[in-house]
Structure formats: C-alpha cells, structure tokens
There are 2 protein chains.
Amino acid sequence: MRSTLIVGSVAFDTLHLGGVCHSKVLGGAATYASLAAAHFTQVQLVGVVGQDFPASATELLRTRGIDLAGLEVAKGDTFHWEGRYSDDLSSRETLRTDLNVFADFRPKIPKSFRSAPFVMLGNIDPGLQIEVLDQIDKPAFVLADTMNLWIDIRHAELTKLCSRVNMLVLNDEEARQFTDKSNLVQAAHALRKLGPELVIIKKGEHGALLFEGDDVFALPGLPLSHVVDPTGAGDTFAGALIGWLARSPDLSSSNLRRAVLHGSVLASFCVEGVSVERLAATTTAEISARVEQFRRLTSF
Amino acid sequence: MRSTLIVGSVAFDTLHLGGVCHSKVLGGAATYASLAAAHFTQVQLVGVVGQDFPASATELLRTRGIDLAGLEVAKGDTFHWEGRYSDDLSSRETLRTDLNVFADFRPKIPKSFRSAPFVMLGNIDPGLQIEVLDQIDKPAFVLADTMNLWIDIRHAELTKLCSRVNMLVLNDEEARQFTDKSNLVQAAHALRKLGPELVIIKKGEHGALLFEGDDVFALPGLPLSHVVDPTGAGDTFAGALIGWLARSPDLSSSNLRRAVLHGSVLASFCVEGVSVERLAATTTAEISARVEQFRRLTSF
C-alpha cells in the first residue's frame, strides 16, 4: 500500500451545536483527514499535541493503522478551538482559540516519512506547509488545503506554495477571496495559473467542483436529512480524496473524479455525528453503499 | 405535439447589470417559460400586456409557434419591474414595480386552451393560480412555481394550491421559508405532504434537486465563465422542464430526470445574455451539445 503523509492540526474542539455543548472532543484537520484516508492508504501523520492528549485518542488513530511516529508530544496543552454553530448549521462563530502547543509548531518530518509519494498539507500557515515540502523527497502528488486567514495575512507565502503543489483545495468563498474573481470558473483558472494543475472548490452542502485543464467535474452534495456537525467535513473530504489516489495511483481524469466521489462519501458520514464519532465508525460496506447512493443521486 | 398551457407575467424589465442600464427589455415569467418550452411543445400562453407592448415582442413569441390567443391586451401599460443586481450577480434589489395592467389581471383561459394536458402555473398570486385550475379540464400534469411574497402573504391559498398540483418548483430559501425547516430534505418532504408528489428545489448556480418519493436527483449547475443576467433563469428552467415532459409524456423517474436536465440546459443559456436575447437565439443543436456538456460534467 502506498503511504500518504498528512500534516496538520490535531486538536480538541468544544462545539456548541443546537444548544448542546460538546466539550473538548477530538478534532483537528489532520485527525479528520487521517481517519478518512486510512480507509485507502497507509497514513503517516505529522502534528503536535500536548501532554493532556489522551491515550484513547492516539489509540483510536493507531487502530486504523495510522503511523504516529510524527506526532510530537510537547510540553503544555493541546490546541483547543471553541465554536458555536447557527441553528441551521450554515455558519459558525469562533468563541475561543487556544493555540497552546500549536503556537510553536514546526513540523519535523521523520526520516521514515520523507519518501511518502502522496502528501496532504492540511490547513496550517503556508510558511510551514513550504517547510514540510523542503524536508521531503520529491513526492508524486501534493495536495494543499488552506483557509481565509492565510489568504488574508500570508498571501505571498500561499502564492509561493501554490507553485509547488499538484492540487489546491479550498472553498468557494476562499477561491473568490484569493483571486478577487466572483465567477468560480474564472477563479479556478486564476488559481491554476499559480501552479496547481488541479483545483478543487468545495461548496459545502452544494458539493464540489474539480477543475482540470478546461475540464470540469461537478459532484453535488448528498442531501442528508440529519446533519449533526459539519466540523472537519472539508478535511475529511481532502483526506479521503488523497487516500483514494494513493491506493490507485492513477491521475487520469476518471480516477480523479472517483477520488472526489470518495472524498464526498466520507464527508457525508463525517457530518452525521459529533466530532469524529460517525467518521471513525464508518465501514467499508457503508462506503460502498453510499457510492451507489451517489450514483443513483446523479444519474440521468 | 401535446400542448402546454403557460400562465404568468409578461413584462418589461429595466435591469441594472454591472453598471449598465438595460431599459424596458422583454421579461416576465410566462415569456421566459414559453420561449424555453416552445423547443419541445406547442405552447399556449395566457397573460396580459398593455397597449405599449410592441409588435416585435409578440412577433418573437409567434415565430416560436406560441399560441397567443390567451394574451390579453388591456388598456394601460405593461407590467414593469426595475431591479439592480450586485456586481457578482448573487443578489438583486427591486428599485421599482409598476403593476400597471397586471394589477387587475384575472386569467381567462380561452376555450381552445382548456384541454391542455400540461399546465405551468407561473409565479403569480396563488389565488389566481387556483382560478386557472378551476377553468380548465383535468390536466395530466400541473406544475406550479411560486415566490417568497406569496409564502408570506398568501400562505393559506398557496397551501390549498399545493393539494392540486403534481409538481411544486421553488428555490431553497423559499422551501425553507414555506416549511420552517432549514434542512432541505425535510423541507421537501413537508412540501410533498401538502400534495405535490414531485418537488423541485432550485439552487441557482448550485443546480437543482428533484424529490420523488424517497428518491432524490441532484443536478449541479453548469459552471459558466460568463454569466450576464440571471433574470428569468428559474422560469426558463420550469418552462423547459414541463415542455420536455409534454413532448415525451412519460413520468418515469428517468424521464423526470431528463426533464430537469433540459430545464438546466435552457437556464444555462438564459443567463448568458441580457433579457431573452440568448434564450431566444438558442438552437436545437446547441441544446444537444450542452446536454453532452452536462453528461461530461457529472459523469464518474
């Protein structure tokens, strides 16, 4: 099995959802992405946690075969984010961010991870994402995720990063913000000019768009009657996507489309439970069944 | 060819788009819907215009084979709407509404139209939509469109109308408003309980959802690099959809999906020009090519 290096945050989230507070549940981009990717590939996780990080959480990751040699345990507390979602889950506000050990995070890639052919640079400071690339052998495929904060305050580094990645993943609002183009087709083409030959624009419940040359693939979101917690859905999407590519290392258009499909399938499970609870419980049979659901959803 | 009765507004629109003002161009739900439906069915239009309505506009409709026996010419001026779109076309504000002859519009269905098997009740007061149904023979299929205004001020009439239609078409915001459910799957099921066995939720650039029993079909919007004027896209969608059903009167799941596809295809042309200019110029060959584009867009 080809291995996939996943770098990003491992965190505690305190989530206010529909009037209920879920205190310090497992979160973080690398956590979600790794759990999703582990269905398809050998995951090598790089991140940092504090001394308060529970053995049960590392155990959960380890049982999925995730290699934690790159999970540094630093003095202090684990990164903690607290947020409140609107009743319809369409927006959220940050109530508190305790960077803790994440404040001084400088990813150190273990020797055994440096030749991973597939690399996912989760959403962290683009300067650190570049540092990761500087430490590793030339990988076959690099996916980078980002967010509005870095587009705002690290525009130059993010632009530099773009020239070194194969696929950039971001949401519609971020694509517009990064390129100053309101039209998503134009935004995607502007992003591709910065380097990545592949651009994915995530649209939450509306699905995702994959731009490859002049070709576009659009996959709608699966209409779900009960969405519980959208946290980590984007990270789950990206993790499953790169995991799928690592398992079937074929970058043909049709396989890229299947990768987007598997990203969407895992993300659809992710949002059905609080924190990683539903994602972590997802079985291979459930994934296959939902792939069929997507086929039925979209066929004409 | 099976005929389709289309009832709705015929209007002048003054559109402020990207700093340019397009004064008193042809508009109205029945206009857009009829031009789209005429590709597939014999259209019988019912509406009202004023004495200022130009011969060139009636001529345009007539050349598409649209039967104008139900287009009343009343004393006064044609309904006129003026609006300004935001630069990214994602929102619009109404600057002025001159109801003019539309204020007293009571649809009168000509005898020759009363047996039309397919009926589209464009977005007008649901009380008038019911009056139309009271004047006609039992049609095979009735589609009703509506808007936030009627959900607000004609909730009871709209609910009553729902029990008499086969398909309700509305946008996501309206579906949520009508049912007080933020989840679209739940909203669609609540709407189906009011009567229509088919519910379509339009999501603008994000495409459309068709709910049929427990089955859902999701068609993404075609990502377009140049969108010029979104006016009438929803009416165009509904018109082409019912036109397709009238041409191939088969209400199987797969044909309903193809109807949604053709609705989306015509809507994608509609937004590429100001007023009806691009829609009116659309050829059968272009429609076929864009169907193929949708296939490529969505296949995996």
Side-chain angles (χ1 to χ4, degrees), chain A residues 18 85-91 172-173 176 180-190 201 203-212 214-228 253-262 264-265 271 291 293-300, chain B residues 18 85-91 172-173 176 180-190 201 203-212 214-228 253-262 264-265 271 291 293-300:
Chain A
Y85 283 87
S86 62
D87 285 345
D88 66 1
L89 301 176
S90 69
S91 64
D172 42 2
E173 214 177 294
R176 291 184 168 117
D180 211 22
K181 288 184 188 300
S182 61
N183 180 287
L184 289 183
V185 178
Q186 292 178 24
H189 285 300
I201 297 181
K203 305 195 294 174
E205 65 165 321
H206 302 301
L209 299 171
L210 162 68
F211 293 88
E212 181 196 8
D214 286 329
D215 201 28
V216 193
F217 171 53
L219 187 69
L222 187 69
L224 296 166
S225 55
H226 292 282
V227 175
V228 173
S253 188
S254 58
N255 200 46
L256 286 167
R257 289 168 174 232
R258 282 192 292 271
V260 171
L261 169 68
H262 283 84
S264 302
V265 163
V271 302
V291 163
Q293 238 181 305
F294 267 96
R295 257 188 224 293
R296 175 70 195 147
L297 175 73
T298 58
S299 72
F300 59 81
Chain B
Y85 283 88
S86 61
D87 284 345
D88 65 1
L89 302 175
S90 69
S91 63
D172 42 2
E173 214 177 295
R176 290 182 169 119
D180 212 22
K181 290 186 187 297
S182 61
N183 180 287
L184 290 183
V185 178
Q186 292 177 24
H189 286 300
I201 297 181
K203 305 196 295 173
E205 64 165 323
H206 302 302
L209 298 171
L210 163 68
F211 293 87
E212 181 196 8
D214 287 327
D215 202 28
V216 193
F217 171 53
L219 186 69
L222 187 68
L224 296 166
S225 56
H226 293 282
V227 176
V228 173
S253 187
S254 59
N255 200 46
L256 286 167
R257 288 169 175 232
R258 282 193 291 272
V260 171
L261 169 68
H262 283 83
S264 302
V265 163
V271 301
V291 164
Q293 239 181 302
F294 267 96
R295 258 187 223 294
R296 176 69 195 150
L297 175 72
T298 58
S299 72
F300 58 81

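Since this is a predicted model, take the numbers as computed values, not measurements. Protein chains get the first letters and strands the later ones, always in sequence-line order, with residue 1 at the start of each. Below, each value reflects all heavy atoms present in this structure, side chains not excepted, and no hydrogens, waters or symmetry copies.
The shortest heavy-atom contact between B/N183 and A/L224 is ND2-O, 2.8 Å. Contact detail for B/P223 and A/V216: the closest heavy-atom pair is CG-CG1, 3.8 Å. Shown here for B/L297 and A/F217, the closest heavy-atom pair between the two residues is O-CD1, 3.1 Å.
Using modelled atom types and a 3.5 Å distance limit, the side chains of B/S253 and A/R296 yield a donor-acceptor pair.
Partners of A/E212 by salt bridge (charged side-chain N to carboxylate O under 4.0 Å, His left out), not counting sequence neighbours: none found. For B/H206, the side chain to side chain contact (heavy atoms under 4.5 Å, CB included) partners two or more places apart in sequence, or in a different chain, are A/D172, A/K203, A/H206, B/K203.
No other option in B/L209, B/D215, B/L219, B/L184 has as many heavy-atom pairs under 4.5 Å with chain A as B/D215. Taking chain A as the reference chain and counting heavy-atom pairs below 4.5 Å, the highest number among B/K181, B/H226, B/R258 is found for B/H226.
Shown here is B/Q186, whose CD atom has more than 12 heavy atoms of other residues, nucleotides or ligands within 6.0 Å.
For chain B, the nearby parts of A/R295 are the backbone and the side chain; heavy atoms of each come within less than 4.5 Å. Neither the backbone nor the side chain of A/S254 comes within contact range of chain B; no heavy atom of the residue lies under 4.5 Å from a heavy atom of that chain. Neither the backbone nor the side chain of A/H189 comes within contact range of chain B; no heavy atoms are under 4.5 Å apart. Heavy atoms of A/N255 lying under 4.5 Å from chain B are absent altogether. Interface residue A/E205: backbone and side-chain heavy atoms are both found under 4.5 Å from chain B. Contact annotation for A/L89: neither backbone nor side-chain heavy atoms come within less than 4.5 Å of a heavy atom of chain B.
In terms of modelled atom types and a separation under 3.5 Å, the side chain of B/D88 and the main chain of A/S182 share no donor-acceptor contact. Of the possible polar contacts, one joining the A/R257 side chain to the B/S299 backbone as a donor-acceptor pair under 3.5 Å is found.
Residues B/V260 and A/F300 fail the side-chain proximity criterion, which asks for heavy atoms closer than 4.5 Å.
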